[in-house]
Amino acid sequence: MEKISVAVRFRPPNPAAAAAADPSPAVAGDREWRIDDTRVTLLHRSAGPVPGAAATNERVYGTVVRDLIGAVVDGFNATAFAYGQTSSGKTFTMNGSDADPGIIPRAVRDVFDAVGQTDDREFLVRVSYMEIYNEDINDLLTIEDQKLQIKESLERGVYVAGLREEIVNNSEQVFELLQLGEANRHFGETNMNARSSRSHTIFRMVIESSAKNQIDNGDPIRVSVLNLVDLAGSERNHKTGTEGVRLNEAGHINKSLLMLGNVINKLSENGKQRGHIPYRDSKLTRILQPALGGNAKTSIICTAAPEEMHIEETRGTLKFASRAKCVSNCAQVNEMLLFLKRQKREIEELRKKLQGSHSEGLEQVVLKLRNDMHKSELSVIVWPWNLKRKGSYEMSLEHHLIEQQKKLDGLDNTGMSGDQFTDSTQLDSLKTPDSKYIPDGFVARRSRYSNDVEFSPIPEIWVLLQTKIFGRA
Ligand SMILES: Nc1ncnc2c1ncn2[C@@H]1O[C@H](COP(=O)(O)OP(=O)(O)OP(=O)(O)O)[C@@H](O)[C@H]1O
């Protein structure tokens, strides 16, 4: 069991947004936050200067995210997300600027650095990028608004059906995809933020790996998922001045954040008292379920605005931080030994049959093996990996299969019932590693999920023990 890591970050004062939200002259108020290493208190100005070193994205990343990346490459699931009121710096924290890149670009580079430095394993990395906008899930890597559905299966756990996943080999490819996703993402102007996120975004990297030259021994494949999440910010309509479309968006944003708060509250309660955890109350909590009390290492960066006028929102954010740091997760390396062994055995069987057989029984053998592969969801899940790993061997094997299929098609179609045989689309899917056929999520062993939470008291919200708090410059 491992507690969720929480950092609190105060952005620098933002006079423009503050003035828009409160046109009175005393924009910053008479009081200021005093920020020590693990403590935040509101003081009158007369109490003296506000301490706190400038918090760069580099520092935030190094404190609560960098370690997650090593863990993901080792096979653990991990999630990092930014939470806080509107204009408090969530997007700045996740995306950053050219001068100070945020968590996402830093994580992407570190993933590929770690992959490059791991000499004894081979890797396959896929990425996806989605947003939850007005409770609809959109794929940011495609142009249309697809309104994707959340599904659940024993093999995959909770996943988003139809989400595009791209195989990537280096950071630059990922940055191109991120750029595409950013262009499709919903932003809008409010009084408090000229470029306010109107949706929650989830950038995901799926990392598969296997020990080099060990496939014959049936070594396990590791599949882990890294989620980097930029939440939309809670907002008060009288401050943001929203109406019409923006008001409707704000309603959805606030509601889903409330649901997230409810899940965190429940998880932070005593195990015996907390009862049902309402993950299903919003798409956000459903998708983040493994990160909240489940099989993942999780870090949360709570962002806050320093102006006194935002005291209530900051208080709410600190309260959320206090609760979140009491939640325990149960992260384990995700390995898939049995499935790999089974697939390997099938392929070996096929290869031997194809080598030794010149009889008409060959067709039946091919049918059976194809049917077995079709039935095995996991063989689809590891398909891109296998294609990469065994390269030309498997491609030639497939080519052989397709040739056999064509022959059979020409000879006798009547023997191929729908559930027994693959159609031409499925044939194509086996022929090329088209991302359309790559499953969306990872394979979760649900028995490994645990909602157990260690019980510890919620501290005073002004005293966030062991929480790293970053002050302003
Ligand atoms: N630590 C920081 N250093 C410098 N500028 C910052 C920092 N944090 C935020 N800003 C600036 O403050 C403004 C608001 O930040 P940002 O858009 O990241 O807020 P947000 O929390 O994502 O808001 P929303 O919920 O409305 O999307 C931006 O102009 C951003 O560049």
Side-chain angles (χ1 to χ4, degrees), residues 7-21 27-28 33 35 50 52-65 80-106 131-134 140 181-182 185-203 228-242 245-247 249-258 260 284 300-307 309-310 313-314 316-318 320-321 468-473:
V8 176
R9 180 184 202 183
F10 280 77
R11 68 151 164 72
N14 181 347
V27 163
W33 297 102
I35 300 160
V50 179
T56 57
N57 282 327
E58 183 180 16
R59 193 160 158 238
V60 173
Y61 177 80
T63 309
V64 285
V65 185
F81 66 87
Y83 173 98
Q85 75 166 110
T86 182
S87 88
S88 56
K90 297 179 296 298
T91 304
F92 185 84
T93 300
M94 298 310 294
N95 290 358
S97 59
D98 289 344
D100 186 18
I103 283 171
I104 293 179
R106 286 175 192 279
E131 70 169 3
I132 307 174
Y133 176 69
N134 290 349
L140 291 173
E182 289 296 303
R185 182 176 166 179
H186 282 88
F187 285 104
E189 185 174 352
T190 71
N191 281 351
M192 288 191 57
N193 191 351
R195 201 159 186 272
S196 178
S197 310
R198 312 312 289 163
S199 61
H200 309 301
T201 60
I202 300 162
F203 169 67
L228 299 173
V229 184
D230 182 6
L231 296 179
S234 57
E235 53 190 59
R236 299 188 177 196
N237 298 332
H238 68 274
K239 285 185 177 175
T240 49
T242 47
V245 174
R246 297 277 165 271
L247 188 61
E249 291 167 350
H252 285 285
I253 292 169
N254 287 342
K255 191 171 168 207
S256 57
L257 291 173
L258 181 70
L260 175 63
L284 178 65
I300 304 176
I301 299 98
C302 290
T303 56
E307 295 85 15
M309 75 188 61
H310 299 311
E313 291 91 333
T314 300
T317 301
L318 295 175
F320 179 91
K468 185 70 197 166
I469 300 172
F470 297 104
R472 54 189 155 114

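Just follow the structure's listing: the first ligand is 1, and inside any ligand the first atom is 1. Basis for what follows: all heavy atoms, side chains included, without hydrogens, waters or symmetry-related copies.
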If you look at every heavy atom in [X] and [Y], which pair is closest and at what distance?
{"X": "Ala232", "Y": "Leu257", "result": "O-CD1, 3.4 Å"}
{"X": "Arg185", "Y": "Asp230", "result": "NH2-OD2, 2.6 Å"}
{"X": "Thr317", "Y": "Cys302", "result": "CG2-CB, 3.7 Å"}

Using a 4.0 Å cut-off to any heavy atom of [X], which atoms of ligand 1 qualify?
{"X": "Ser196", "answer": "24 (P), 26 (O), 27 (O)"}
{"X": "Gln85", "answer": "21 (O)"}
{"X": "Gly233", "answer": "25 (O)"}

**Q.** Taking atom 12 (O) of ligand 1 as the reference point, the nearest protein heavy atom with its distance
**A.**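 Going by distance alone, atom 12 (O) of ligand 1 is nearest to Asn14 ND2, 3.9 Å.
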Q.
Suppose we measure from atom 17 (O) of ligand 1 to each protein heavy atom; which comes out shortest, and what is that distance?
A.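 Ranked first by proximity to atom 17 (O) of ligand 1 is Asn193 ND2, 3.0 Å.
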Keeping the roles fixed (side chain from [X], backbone from [Y]), state whether a donor-acceptor pair exists under 3.5 Å.
{"X": "Lys90", "Y": "Gly84", "value": "yes"}
{"X": "Arg9", "Y": "Val60", "value": "no"}
{"X": "Asp100", "Y": "Thr56", "value": "no"}

Q. Would a search of protein heavy atoms around atom 27 (O) of ligand 1 find one under 4.0 Å away?
A.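 Flag for atom 27 (O) of ligand 1 set to true, protein heavy atom closer than 4.0 Å.
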Q) Any non-hydrogen protein atom below 4.0 Å of atom 2 (C) of ligand 1? A)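 For atom 2 (C) of ligand 1 the answer is yes, since some protein heavy atom falls inside 4.0 Å.
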Q) Any side-chain heavy atom of Ser197 sitting closer than 4.5 Å to one from His186? A)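 Contact flag for Ser197/His186 side chains = no.
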Q: Going by heavy-atom distance to atom 10 (N) of ligand 1, choose the closest among Phe92, Tyr83, Phe187.
A: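 The option holding the nearest heavy atom is Phe92.
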Q | The one among Arg11, Met94, Lys90 that brings a heavy atom closest to atom 21 (O) of ligand 1 | A |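 Answer by nearest heavy atom: Lys90.
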**Q.** Short N-O contact, Glu189 and Arg198, less than 4.0 angstrom
**A.**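 No, no charged N to carboxylate O under 4.0 Å.
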Is the shortest N/O to N/O distance between [X] and ligand 1 below 3.5 Å?
{"X": "Gly89", "answer": "yes"}
{"X": "Leu231", "answer": "no"}
{"X": "Ser87", "answer": "yes"}

Q: Would you kindly specify which portion of Ala82 sits under 4.0 Å from ligand 1, judged on non-hydrogen atoms: side chain, backbone, both or neither?
A: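 Neither part.
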Q: Look at the aromatic rings of Tyr83 and Phe320 and report parallel, tilted or perpendicular, splitting at 30° and 60°.
A: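 Tyr83 and Phe320: parallel rings.
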Q: Check whether any heavy atom of Arg9 sits under 4.0 Å from an atom of ligand 1.
A: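 Under 4.0 Å: yes for Arg9.
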